[in-house]
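Encoded as structure tokens, the structure appears first; notes follow it.
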Amino acid sequence: MKYSKNELLKFYEQLVLGRKYEEKIITFLGKGKLQGFFHLGIGQEAAQVGVVNALGPNDYLVPTHRFHPGLVNKLDIKKLTAELFGKSSGYNRGKAFTFHISSKEDRLLPVNGMLGAGIPEAVGYAWALKQDNQDSVVVCVLGDGTASEGNVHEGMNIAALLNVPIVFYIENNGWAISCPTDEQTKIENLSTRALAYGMTGETIDGNDVIKVKETLERAIAKAKNGEPNIVEAKTYRWRGHFEGDPGFYRDDEKHKAAMKDDCIKRMENLLIEQGASAKELAEIADKVQLLIDDAFDYAEKEPLPTPEDILDLDQVYATNLGGELL
Ligand SMILES: Cc1ncc(C[n+]2csc(CCOP(=O)(O)OP(=O)(O)O)c2C)c(N)n1
């Protein structure tokens, strides 16, 4: 095994943090202590944690509306949670939620709620990096449903033509709301589209955090070398499209079968093979739970924005990016 037991334990901790963070969101929504239109990535933790681990300190990330497991491993947990609660101490003063969250110092670029529209924007950021000769890349995350949008074609085409440093990372969770991937495209692997743009593409197992991390590291190195590319990670969406979606459109048996491939269970098995004990794993889970409980406690108690703060529209456009993105 290329990774030490301690390195594997770190991956485990990150995956568990992602899972438990969203479970806490579900609990708080159920109690009416939190409001919002949440799209959860439970089951997709490896596909997100792997990406976050592959990013270098100079690299930029454009996440999606379903990226909490990744964000909680990249950002300050208290500031992130305050943002979800709509508090002024959140990343974007409570105005962005996870649909538009951004952080200049963390090189987190804003999500675009118009699916697909964010792809040409991400290409623009990457083009700016190239023009500035920065040793940096944009990893632009999109879902399988988003991959069918016209803007994605335009963005990928121009990225390839201009050789900009961008990795298009398709987090394929099998669903676009109620539409399964095989009802929106005839191709088996979305990464094969790369050929049409003169790029390279690769499809990988998105429930394998190590595979995701290593593939992204290679993809990032390539993109920095002027070869934009596509990586598709296949995973599975465990929850409804949004919290509150009963998911009646899914076949129960197939759904249960898909959830058996759990990225956290996989890492647990690997760790046990490497000599980790059940006690060690339980201690990590407890430590993570305390961190999450503390962040939710903090965010819940933070004051709500003042009416003046709510009406300060400059923030809506400039947020904490200070009016500039790069
Ligand atoms: C242009 C546009 N069309 C439709 C929507 C509504 N919408 C929000 S999420 C979603 C499904 C997206 O599926 P996918 O890209 O696979 O991401 P997932 O939600 O599965 O993570 C849709 C259609 C939107 N936000 N923007």
Side-chain angles (χ1 to χ4, degrees), residues 1-21 41-61 63 67 69-75 106-107 135-141 165-173 189-191 194 199-225 227-236 260-288 291:
M1 171 46 69
K2 192 169 145 194
Y3 294 88
S4 69
K5 187 178 129 193
N6 279 344
E7 284 169 322
L8 295 179
L9 282 170
K10 188 70 203 158
F11 285 129
Y12 181 69
E13 184 175 327
Q14 292 176 319
L15 294 171
V16 172
L17 175 62
R19 174 80 47 94
K20 286 187 173 292
Y21 189 72
I42 293 187
Q44 302 175 210
E45 295 85 357
Q48 301 187 6
V49 167
V51 174
V52 168
N53 277 290
L55 293 168
N58 294 332
D59 299 335
Y60 289 84
L61 176 70
F67 212 75
L71 294 184
V72 74
N73 277 291
K74 183 170 172 61
L75 302 177
D106 298 288
R107 303 203 166 208
D135 180 29
S136 180
V137 72
V138 174
V139 173
C140 173
V141 188
I166 188 164
V167 177
F168 299 101
Y169 179 69
I170 305 175
E171 192 184 346
N172 182 350
N173 63 11
N189 293 325
L190 293 167
S191 68
M199 293 193 283
T200 55
E202 194 175 346
T203 290
I204 54 166
D205 177 354
N207 289 342
D208 179 339
V209 68
I210 293 175
K211 181 83 191 166
V212 174
K213 174 186 172 279
E214 292 184 347
T215 307
L216 259 289
E217 281 170 349
R218 282 197 307 276
I220 287 172
K222 253 176 130 172
K224 282 186 182 171
N225 203 30
E227 294 175 61
N229 59 89
I230 301 178
V231 175
E232 177 193 21
K234 288 196 175 172
T235 178
Y236 187 70
K260 282 205 174 111
D261 184 13
D262 177 357
C263 60
I264 296 187
K265 259 269 146 301
R266 278 201 205 183
M267 185 50 77
E268 269 173 17
N269 294 341
L270 191 59
L271 273 160
I272 286 163
E273 265 172 44
Q274 300 302 312
S277 66
K279 185 167 169 275
E280 270 176 294
L281 301 186
E283 277 169 6
I284 288 179
D286 289 348
K287 183 176 104 178
V288 162
L291 185 77

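Excluded from the calculations below are hydrogen atoms, water molecules and symmetry mates; all remaining heavy atoms, backbone and side chain alike, are included.
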| remark: Scanning both residues in full, the closest heavy-atom pair of V212 with V51 reads CG1-N, 3.8 Å

| message | One thing to verify: whether E214 and R218 come together as a salt bridge, which I'm taking to mean a side-chain N less than 4.0 angstrom from a carboxylate O. | response | no

| message | For the CG atom of L190 and the CZ atom of F168, what is their distance to the nearest 0.5 Å? | response | 14.0 Å

| request: Determine whether I272 and L281 make a side-chain contact, defined as any pair of heavy atoms from C-beta on separated by less than 4.5 Å. | output: yes

| request: Would you please name every residue forming a side chain to side chain donor-acceptor pair (under 3.5 Å) with N73, sequence neighbours left out? | output: none

| query | Rounded to the nearest 0.5 Å, how far apart are CG of N229 and CD1 of I220? | reply | 9.5 Å

| query | Taking only residues two or more places apart in sequence or in another chain, which ones pass ring pair (Phe, Tyr, Trp, His ring centres under 6.0 Å) with Y21? | reply | F296

| field | Closest approach of S136 to R107 (non-hydrogen atoms, all atoms of both residues) | value | OG-NH1, 4.1 Å

| field | For E268, side chain to side chain donor-acceptor pair (under 3.5 Å) partners two or more places apart | value | Y12, K265

| remark: Applying side chain to side chain donor-acceptor pair (under 3.5 Å) to S191 and not counting sequence neighbours gives T203

| field | Atom pair CD (Q44) and CG (L15), whose distance is rounded to the nearest 0.5 Å | value | 13.0 Å

| Non-neighbouring partners of D205 that pass side-chain contact (heavy atoms from CB on, under 4.5 Å), sequence neighbours left out | N207, D208, R266

| message | Restricting to side chain to side chain donor-acceptor pair (under 3.5 Å), what partner residues turn up for K74, sequence neighbours left out? | response | none

| task | Check side-chain contact (heavy atoms from CB on, under 4.5 Å) between K279 and all other residues, then give those that pass, not counting sequence neighbours. | result | S277, E283

| message | Is there a side-chain contact between K213 and T215 in this structure, where contact means two heavy atoms from C-beta onward sitting under 4.5 Å apart? | response | no

| said: How long is the straight-line distance from CG of N173 back to OG1 of T235, given to the nearest 0.5 Å? | reply: 7.0 Å

| request: Under the salt bridge (charged side-chain N to carboxylate O under 4.0 Å, His left out) rule, collect the residues that match up with K260, sequence neighbours excluded. | output: none

| task | Begin with the C-alpha distance, continue with both residues' side-chain angles, and end with the deciding distance and a verdict on side chain to side chain donor-acceptor pair (under 3.5 Å) for E217 and N53. | result | CA-CA 9 Å; E217 281 170 349; N53 277 290; over 6 Å; no

| task | Quick one: list whatever passes salt bridge (charged side-chain N to carboxylate O under 4.0 Å, His left out) with K287, sequence neighbours left out. | result | E13

| remark: Sequence neighbours excluded, the answer for side-chain contact (heavy atoms from CB on, under 4.5 Å) partners of A285 is V16, K20

| message | Is the shortest side-chain heavy-atom distance between R19 and C263 below 4.5 Å? | response | yes

| query | How close do F11 and M267 get, heavy atom to heavy atom, and via which atoms? | reply | CB-CE, 3.8 Å

| SB check K234 E171 (cutoff 4.0 Å) | no

| task | Just jot down the side-chain contact (heavy atoms from CB on, under 4.5 Å) partners of D286, sequence neighbours excluded, or say none. | result | none

| Please, which pairs that meet salt bridge (Lys or Arg N to Asp or Glu O under 4.0 Å) have at least one residue in residues 269-278, sequence neighbours excluded? | none

